[in-house]
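Following: one structure in structure tokens, then a few remarks.
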Amino acid sequence: CRSRLAMAASAASESPPGFISQRAARALQPALSYGKAFVDAQARPWSAEDPGGNIICSVAENKLTADMVHERISEAAGRAPVSTLYYPKGFRGTEEARTAVARMCTRTFMKGIDVNPGDLVMLAGAGAVLDTLFWSICGPGEGVLLPKPIYPAFLNDLEVRDSCVPVLFDLKEPGVKLWSRGHEEEEAAAVPPIPDQLDAAAAAAAARGVTVRVLLLAQPNNPTGTVYKRETIEAAIRWCMKHRIHLVSDEIYALSVWGEGAPEFVSTEVVARALALDLPRDQAEAVPQLVHTVFGFSKDWCASGLRVGVLHTRNATLLAVMDNYCYFHTASAHTLWALTQVLSDDAFVDAFVAENQRRMRNAYAGLSGALDAAGIPHVRACAAMFAFLDLRAGLKEDSWEGEDELWRALCAAGVLLSPGSACKADKPGYFRCCWAWVPPEALPMAVSRISALLDSRRKAEEVKQRILRIQVIDHQGISGGPYVTFVMCEGASSAAGPQAMQGGHRGGGMAFGAGNKLERFVPAL
């Protein structure tokens, strides 16, 4: 009995604080490393009335066309029937809402297929969809292939409850050049075929004892604001079907492809159905079981506060699992009713999507133009609400600590960006700019602040690297040693005369005999 009590006491002493469970202890870590800075900066946000306020570009939220959604959904919500106060007939979303969403998908980013309302699951946000989906298709300790740089919250989505193992890897598309300037050597390098890159990533995971169960793609991409080519998606589908691996396509920005001349966006579900006609029979039959699409209304519809996310899957077993799990993440019946009215209005849907893309295109044009004028390298975006910036020129040291110092300096200068470390960038010094949270007129000001900080650091480094010339000159008749040294900044006048230091070498200098001379260069302080 005493032994058991002692063991219990020992276990209690090693347990997490507050007597919470070991699994809950994972949630003590903030979901986003930069979340607190975002909250703090809102105490003084930028506005036309306060142009010295913080320009917040660290959170992926679209406010540009919120006025249209607010007006339309407020009108609809006021007519909600009393039935929205009661339990729905199922927890996967009301039949009316799923029917309206299926119609919207068929008319827009899933054009070319008939979306079945029965294949949809509507929950309280896309985060809830991802959490429930990965709980269902990937066990604890199993791997999820995730191309980097990544959407920062994916790690929390996969790890904090589901205990999945993110397997980060580089997925490069042959022939695709992303950067506005610089990176020429990197982009000119040969790129292996997509299946070879996936094979290598899965093999690296296996070498660590991790079995890959899922490939997760952000399409369009967060944080680069780009769209994968159809050939890339097809190659990923073929690879996943061959190896019986789930393919999850996060298409939360499907309706935010605004770039003129951008690659046509086609939902992975549409691509998979067309490709299935050319796949071996066993692989074609796996497509409905293994291909899943996630989207929602937070980003494309400027409505992150409504908390409505959607899963599309034709996996009947997975849908049966969702019938149970959805109880924990049910979307509000009142919200779904109002959303149904909005989505059933085809004229409004078409007008909103077109106007939102126009406003996003114009906002990005102002930002990218300012970045180009300032000489700041960035990925050429065509979708979503991101600019991926190369600010390595501002690093005081090439390390993640150096990036954190630069991020804090940017915050102090009134510009909040997402650090590259949160996006799992390959090297320190990259930052994600979420440009749809602020008014478009604030974006050139943000670039001006960034540029001013980089310029000040560049000038400070130039001063630091100005050369001090140390000359060792023989002087006759000075007792105590055959030479005298003096220091003079390069470019300074020698009229002021040398500062003599008699007798021996100083600061690592070297003694020379009469008639010898040494010039040594050291950084200026």
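Heads up: numbering here begins at 1 and tracks the sequence.
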For the residue pair His292 and His246, is the inter-centroid distance of their aromatic rings smaller than 6.0 Å? yes
Looking only at the aromatic ring of each residue, does the gap between the centers of Phe352 and Trp301 stay below 6.0 angstrom? yes
In terms of ring plane angle, is the pair Trp258 and Tyr364 parallel, tilted or perpendicular, where the classes change at 30° and 60°? tilted
If the test is side-chain hydrogen bond (donor to acceptor under 3.5 Å, both in side chains), which one of Arg181, His183, His378 qualifies with Asp390? His183
Which heavy-atom pair separates Ile194 from Pro174 by the least distance, and what is that distance? CD1-CD, 4.3 Å
Residues Asp250, Lys299: salt bridge by 4.0 Å N-O rule: no
Exceeds 12 heavy-atom contacts within 6.0 angstrom, atom CE of Met445: no
Around atom NZ of Lys148, are there more than 12 heavy atoms of other residues, nucleotides or ligands at under 6.0 Å? yes
What are the two closest heavy atoms between Ser399 and Pro428, and how far apart are they? O-CB, 3.3 Å
Under the criterion ring-ring contact (aromatic ring centres under 6.0 Å, His included), which of Tyr253, Tyr430, Tyr151 is the partner of Phe386? Tyr253
Please lay out, stage by stage, how Arg457 and Glu461 fare under the test salt bridge (charged side-chain N to carboxylate O under 4.0 Å, His left out). CA-CA 6 Å; Arg457 293 194 166 203; Glu461 184 65 18; over 6 Å; no
Taking Gly93's backbone N and O only, do any of them form a donor-acceptor pair with Arg98's side chain (distance below 3.5 Å, no angle check)? yes
Taking all non-hydrogen atoms of both residues, which atom of Val210 and which atom of Gly141 are closest, and how far apart? CG1-O, 4.0 Å
NZ/NE/NH1/NH2 to OD/OE distance under 4.0 Å, Arg23 and Glu159: no
Can you confirm whether more than 12 heavy atoms, excluding those of Lys229, are under 6.0 Å from its NZ atom? yes
Side chains of Glu173 and Thr232: any donor to acceptor distance under 3.5 Å? yes
Salt-bridge test for Arg458 and Glu462: reply yes if a basic N is under 4.0 Å from a carboxylate O, no otherwise. no
Find the distance between CG (Leu171) and CG (Leu145) and round it off to the nearest 0.5 Å. 9.5 Å
Between Tyr325 and Trp135, how do the two ring planes meet: parallel, tilted or perpendicular, split at 30° and 60°? perpendicular
Less than 4.0 Å between a side-chain N and a carboxylate O, is that true for Glu355 and Arg359? yes
Decide yes or no on side chain to side chain contact (heavy atoms under 4.5 Å, CB included) for Val167 and Leu146, but give the supporting numbers first. CA-CA 6 Å; Val167 179; Leu146 188 55; over 6 Å; no
Within the side chain of Arg449, is there an N or O that forms a donor-acceptor pair under 3.5 Å with the backbone of Gly414? yes
Heavy-atom count around Arg208 CZ within 6.0 Å, excluding the residue itself: above 12? yes
Exactly one candidate in Asn54, Ile55, Val59 meets side-chain contact (heavy atoms from CB on, under 4.5 Å) with Cys57; the answer is Ile55
Pairwise side-chain contact, Pro16 with Gln22, heavy-atom cut-off 4.5 Å (strictly under): yes
Taking all non-hydrogen atoms of both residues into account, name the closest pair between Ala384 and Trp435 and its distance. O-CZ2, 3.4 Å
Lys177 atom NZ, over 12 foreign heavy atoms within 6.0 Å: yes
Output yes when Asp455 and Lys459 qualify as a salt bridge under the 4.0 Å nitrogen-oxygen rule, no when they do not. no
Do the charged groups of Arg244 and Asp282 touch, with an N to O distance under 4.0 Å? yes
I'd like to know if Lys427 pairs up with Glu403 as an ion pair, taking the criterion as any Lys NZ or Arg NE/NH1/NH2 lying under 4.0 Å from an Asp or Glu carboxylate oxygen. no
May I ask you to decide if the ring planes of Phe388 and Trp179 are parallel, tilted or perpendicular, using 30° and 60° as cut-offs? tilted
Side chains of Glu251 and Thr268, donor plus acceptor under 3.5 Å: yes
Whether the Glu61 and Ser304 side chains hold a donor-acceptor pair (N or O, under 3.5 Å, no angle test) is what I'd like checked. yes
Kindly say whether Leu417 contributes a backbone atom to a donor-acceptor pair with the side chain of Trp407 at under 3.5 angstrom? yes
